Amino acid sequence: MASIKDVAAEAGVSVATVSRVLNDHPSVSTEARTRVLAAVETLGYRPNAVARSLRTDQTRTLGLVISDVLNPYFTELARSVEEEARALGYSVIIGNADERPELQDHHVRTLLDRRIDGLLVSPTDGGSPGMLDAARAGTPMVFVDRWIPGLDVPVVRADGRTAVRDLVAHLHGLGHRRLAIIAGPAATTTGSERVAAFREALAAYGLTLPDAYTGQGDFQAESGRRVTEEFLDLAEPPEVVFAADNLMALGALDAVRARGLRVPDDIALAAFDDIPWFVHTDPPVTAIAQPVRELGRAAVRALVDRIEGRPPQSVTLPARLVVRRSCGERPDPNHPHMNVTQRSNP
C-alpha cells in the first residue's frame, strides 16, 4: 500500500506539501496540487483516516441514532442521511435504539467514544440521561423527527398538524363521526403532538375524542393489534381507527382481519407515516406522508453547519394527506389504488 512518502516522491514535492494538498490548504500552488493529486491517483493512495483525525481533531464522521430500524420511515430516513452526508464528505455510523432509552444511551456513548464530529438523534423519549448530558455538554447535535423541548438543539421535523386536520375533514366528509386513535408514547413529542392535533381537528367539527377511543400504543405493530382489538370489543366500536404510525397501522389491519372483518366495510383505517407497502394492501391505506428524504438531507446540512462553525437552523417541512381507499373512498377507475384527491399543506 502506498504511503504519503511514496506520493511525495512520485510528485517531486515534500511530504509537507502532500499533507497540505490532502487537507485542502490554500498555500499550495496550482502546479504542485495538480502533481500531488495525479500521484495520489496513480499510486491509489488512501489517507489514514485515524491519523488525519488526530491531526485535525475531526473524523469526518457523523453519528445517527434512530428510534427503530425496522420502521420503514426510519430506514428511509437513515438512507437519506447517509446519502447527503456522503455528498458533503462525511461518513455515518448508525445506532438503532429500538425505542429503548437505555439502548439509546449506549449508542450515544459509543459514538462519542469514536470521536464523531456530530450527532443526529431521533429521541426515544423525553431524554435519556446520556443523551441529555451530551446535548448539555455542547456536542454538535441535531434532533430529527422527534425532539426534546427545552434543549438548545436545532430540530428538523415535519409539521403534521395541517395534514391531520385534512384527514379529519376528509373523514367527516365521508360521513364518519366515531373516530378513534392509536397514540404513540406520550413521552415522545410525535406521540403527544399527533394526539393533540387529532383532538383539535375533531373539535372543529363538534366531535370529541372519548377515553375509550384513545388507545395507548408504542409505535410497534403489536400495540396496534392490541389496541384495535380493544376498540372492536367495545359495545359501540369506532367507525375509523387512526394509527399514529405505520407499524401500528399494520398491527391494526392484522387485528381487523383476524376477526374476519374487512377494511373499510366494517371499520375504516388511516395512518400517520405513509410507506410504499400501503399502496399494495387491500384496500390501499389512506395515510399522512412525511417528506422523509428532505428531512434527512436538511438534518445533515444543519449538523454540518454546526460542525463547520455556521449557525444551524431548525427546519419544519409540511406533511401531506394521501387519500386512497381504506376509509370508504370511491376509487378512481383510472387509478384503482388511489382516490382522485390528494391534499397537501399550502
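Keep in mind the model is a prediction, meaning the values are calculated, not measured.
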Visitor: Got His107 and Met131 here, is their nearest side-chain heavy-atom distance under 4.5 Å?
Guide: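 Of all side-chain heavy-atom pairs linking Met131 with His107, none is under 4.5 Å.
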Visitor: Quick one: closest heavy-atom pair of Ala271 and Ala249, and the distance?
Guide: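 Where Ala271 meets Ala249 most closely, the heavy atoms are CB-CB, 3.6 Å.
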Visitor: Report, as yes or no, whether the 6.0 Å neighbourhood of atom CG on Asp233 holds more than 12 heavy atoms from other residues, nucleotides or ligands.
Guide: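 Above 12, so yes.
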Visitor: Check for me, please, whether Leu77 and Ile94 land in the same ILVMFWY cluster - side-chain distances under 4.5 Å, paths through other members count.
Guide: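 Looking at the clustering, Ile94 is in the same group as Leu77.
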Visitor: Taking the basic N atoms (NZ, or NE/NH1/NH2) and the acidic carboxylate oxygens, is any pair closer than 4.0 Å for Arg146 and Glu99?
Guide: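 Yes, this pair counts.
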Visitor: Do Leu232 and Leu261 make a side-chain contact, defined as non-hydrogen atoms from C-beta onward lying under 4.5 Å apart?
Guide: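 Yes. Closest side-chain heavy atoms under 4.5 Å.
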Visitor: Does any non-hydrogen side-chain atom of Asp282 lie less than 4.5 Å from one of Arg262?
Guide: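 Counting from C-beta outward, Arg262 and Asp282 do come under 4.5 Å.
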Visitor: Membership question, hydrophobic clusters at under 4.5 Å side-chain separation (ILVMFWY): are Ile275 and Leu295 in the same one?
Guide: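 In one cluster with Leu295: Ile275, no.
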Visitor: Please determine whether side-chain contact (heavy atoms from CB on, under 4.5 Å) holds for the pair Val168 and Tyr205, giving the CA-CA distance in whole Å, both sets of side-chain angles, and the decisive distance to 0.1 Å.
Guide: CA-CA 9 Å; Val168 171; Tyr205 291 93; 4.0 Å; yes
Visitor: Nearest 0.5 Å, what's the CD1-CG distance between Ile116 and Leu112?
Guide: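 Nearest 0.5 Å value for the CD1-CG distance: 5.0 Å.
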Visitor: Salt bridge check: are Arg60 and Glu308 linked by an N-O gap of less than 4.0 Å?
Guide: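 Here Arg60 pairs with Glu308 in a salt bridge, since their nearest N and O are under 4.0 Å apart.
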Visitor: Does Leu202 form a side-chain contact (heavy atoms from CB on, under 4.5 Å) with Leu179? I'd like the steps, not just the answer.
Guide: CA-CA 8 Å; Leu202 290 174; Leu179 280 60; 3.6 Å; yes
Visitor: Compare every heavy atom of Thr17 with every heavy atom of Ala32, then report the nearest pair and how far apart it is.
Guide: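 Minimum heavy-atom separation between Ala32 and Thr17: CB-CG2, 4.3 Å.
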Visitor: Can you tell if the side chain of His170 reaches within under 4.5 Å of the side chain of Val323, non-hydrogen atoms only?
Guide: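 The answer is yes; the side chains approach within 4.5 Å.
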Visitor: Search all heavy atoms of Ala244 against all heavy atoms of Ala183 and return the closest pair with its distance.
Guide: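 Nearest pair, atom of Ala244 first, then Ala183: CB-CA, 4.2 Å.
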Visitor: Tell me whether Val142 is reachable from Phe74 by hopping between hydrophobic residues (I, L, V, M, F, W, Y) whose side-chain heavy atoms are closer than 4.5 Å.
Guide: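 In one cluster with Phe74: Val142, yes.
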Visitor: Going through the checks in order, is the side-chain contact (heavy atoms from CB on, under 4.5 Å) test met by Val263 and Arg257?
Guide: CA-CA 8 Å; Val263 174; Arg257 290 175 173 170; over 6 Å; no
Visitor: How many angstroms lie between atom OH of Tyr213 and atom CD1 of Ile181, to the nearest 0.5 angstrom?
Guide: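 So the gap between those two atoms works out to 14.5 Å.
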Visitor: Can Arg301 and Arg297 be said to form a side-chain contact (heavy atoms from CB on, under 4.5 Å), step by step?
Guide: CA-CA 6 Å; Arg301 290 194 294 268; Arg297 289 195 289 264; 3.5 Å; yes
Visitor: Nearest heavy-atom pair of Arg293 and Ser80: which atoms, and what distance?
Guide: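 Result for this residue pair: O-OG, 2.6 Å.
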Visitor: Determine yes or no for a side-chain-to-main-chain donor-acceptor pair under 3.5 angstrom, with His176 supplying the side chain and Cys327 the backbone.
Guide: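 Confirmed, His176 side chain pairs with Cys327 backbone.
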Visitor: Given side chains that start at C-beta, do those of Leu207 and Arg177 come closer than 4.5 Å, heavy atoms only?
Guide: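 Contact flag for Leu207/Arg177 side chains = yes.
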Visitor: Does the side chain of Arg114 pick up a donor-acceptor pair with the side chain of Thr59 at under 3.5 Å?
Guide: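 Distance-only check fails for Arg114 and Thr59.
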Visitor: Using a 3.5 Å distance criterion without hydrogens, assess whether the side chain of Ser326 forms a donor-acceptor pair with backbone atoms of Leu269.
Guide: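 A pair under 3.5 Å: yes.
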Visitor: Determine the minimum heavy-atom distance between Arg226 and Gly217, stating which atoms define it.
Guide: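 In this case the closest contact between Arg226 and Gly217 is NH2-CA, 4.4 Å.
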Visitor: If the condition is salt bridge (Lys or Arg N to Asp or Glu O under 4.0 Å), which residues does Asp254 pass it with, not counting sequence neighbours?
Guide: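 Once residues adjacent in sequence are excluded, the partners of Asp254 under the salt bridge (Lys or Arg N to Asp or Glu O under 4.0 Å) criterion are Arg225.
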Visitor: Is a side-chain donor or acceptor of Arg157 paired with a backbone partner of Thr316 at a separation under 3.5 angstrom?
Guide: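 Not at all, since once roles are kept as given, no pair shorter than 3.5 Å links the two residues.
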Visitor: For a 4.5 angstrom cut-off between non-hydrogen side-chain atoms, does Val300 reach Leu120?
Guide: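 Yes, side chains in contact.
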Visitor: For the hydrophobic clusters of this structure (ILVMFWY residues joined by side-chain heavy atoms under 4.5 Å, transitively), does one cluster hold both Leu174 and Ile267?
Guide: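 Different hydrophobic clusters.
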Visitor: If you count heavy atoms of other groups shown closer than 6.0 angstrom to CG of Asp113, is the number above 12?
Guide: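 Check passes, neighbour count above 12.
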Visitor: Picking from Thr286, Thr281, Asp274, what satisfies side-chain hydrogen bond (donor to acceptor under 3.5 Å, both in side chains) with Arg324?
Guide: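 Between Arg324 and the candidates, side-chain hydrogen bond (donor to acceptor under 3.5 Å, both in side chains) is satisfied uniquely by Asp274.
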Visitor: Between Asn96 (side chain) and Val69 (backbone), is there a donor-acceptor pair under 3.5 Å?
Guide: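 Yes; judged by distance alone, with no hydrogens or angles, the pair exists.
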Visitor: Looking at Thr188, is its backbone amide N or carbonyl O close enough to the side chain of Ser192 to form a donor-acceptor pair, meaning the two atoms are under 3.5 Å apart?
Guide: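 Such a contact is found between Ser192 side chain and Thr188 backbone.
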Visitor: Please round to the nearest 0.5 Å and tell me the distance separating atom CG of Leu119 and atom OG1 of Thr139.
Guide: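 Those atoms lie 7.5 Å apart.
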Visitor: Atom CZ in Arg136, atom CG in Leu151: separation rounded to 0.5 Å?
Guide: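 Between atom CZ of Arg136 and atom CG of Leu151 there are 5.5 Å.
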Visitor: Got a donor-acceptor contact below 3.5 angstrom from the Glu229 side chain to the Ala255 backbone?
Guide: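 No.
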Visitor: Is there a path of hydrophobic side-chain contacts, each under 4.5 Å between heavy atoms of I/L/V/M/F/W/Y residues, joining Met141 to Leu132?
Guide: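 Yes; tracing contacts between hydrophobic side chains, which count when under 4.5 Å, links both residues.
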Visitor: Backbone N or O of Ala289 within a donor-acceptor pair of the Asp273 side chain at under 3.5 Å?
Guide: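 No: the side chain of Asp273 does not pair with the backbone of Ala289.
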Visitor: For Ala319, does its backbone N or O pair with a side-chain atom of Gln290 as donor and acceptor, under 3.5 Å?
Guide: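 Checked: no pair found.
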Visitor: Establish, from distance only, whether the side-chain atoms of Ser223 and Asp218 form a donor-acceptor pair under 3.5 Å.
Guide: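 Looking only at side-chain atoms, Asp218 and Ser223 do form a donor-acceptor pair, the distance falling under 3.5 Å.
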Visitor: Taking atom CH2 of Trp277 and atom CG of Leu253, what is their separation to the nearest 0.5 Å?
Guide: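 Reported value, rounded in 0.5 Å steps: 12.5 Å.
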Visitor: Taking the side chain as every heavy atom from C-beta outward, state whether Ser122 and Phe143 have any pair of such atoms under 4.5 Å apart.
Guide: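 In short, these two side chains do not touch, never coming nearer than 4.5 Å.
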Visitor: Hey, are the side chains of Val13 and Val36 touching, using non-hydrogen atoms and a 4.5 Å cut-off?
Guide: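 Yes - at least one pair of side-chain heavy atoms lies under 4.5 Å apart.
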Visitor: Are the side chain of Gln104 and the backbone N or O of Glu102 linked by a donor-acceptor pair below 3.5 Å?
Guide: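 Side chain of Gln104 to backbone of Glu102, a donor-acceptor pair under 3.5 Å: no, none is there.
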Visitor: Consider side chain to side chain contact (heavy atoms under 4.5 Å, CB included). Of Ile182, Asp68, Thr190, Leu247, which one does Phe219 pass it with?
Guide: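 Single pass found, and it is Thr190.
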Visitor: Applying side-chain contact (heavy atoms from CB on, under 4.5 Å), can you list everything that pairs with Arg165, at least two apart in sequence or on another chain?
Guide: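 side-chain contact (heavy atoms from CB on, under 4.5 Å) list for Arg165, sorted by chain: Arg161, Thr162, Ala201.
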Visitor: Specify the closest pair of heavy atoms between Gly130 and Val108, including all atoms of both residues, with the distance to one decimal.
Guide: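 Taking every non-hydrogen atom into account, O-CG1, 4.1 Å.
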Visitor: Kindly compute the distance separating CE (Met248) from CD (Glu222), expressed to the nearest 0.5 Å.
Guide: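 So the CE of Met248 and the CD of Glu222 are separated by 12.5 Å.
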Visitor: For the backbone of Pro154 and the side chain of Ser314, can you confirm whether one donor and one acceptor N or O come within less than 3.5 Å of each other?
Guide: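 A pair under 3.5 Å: no.
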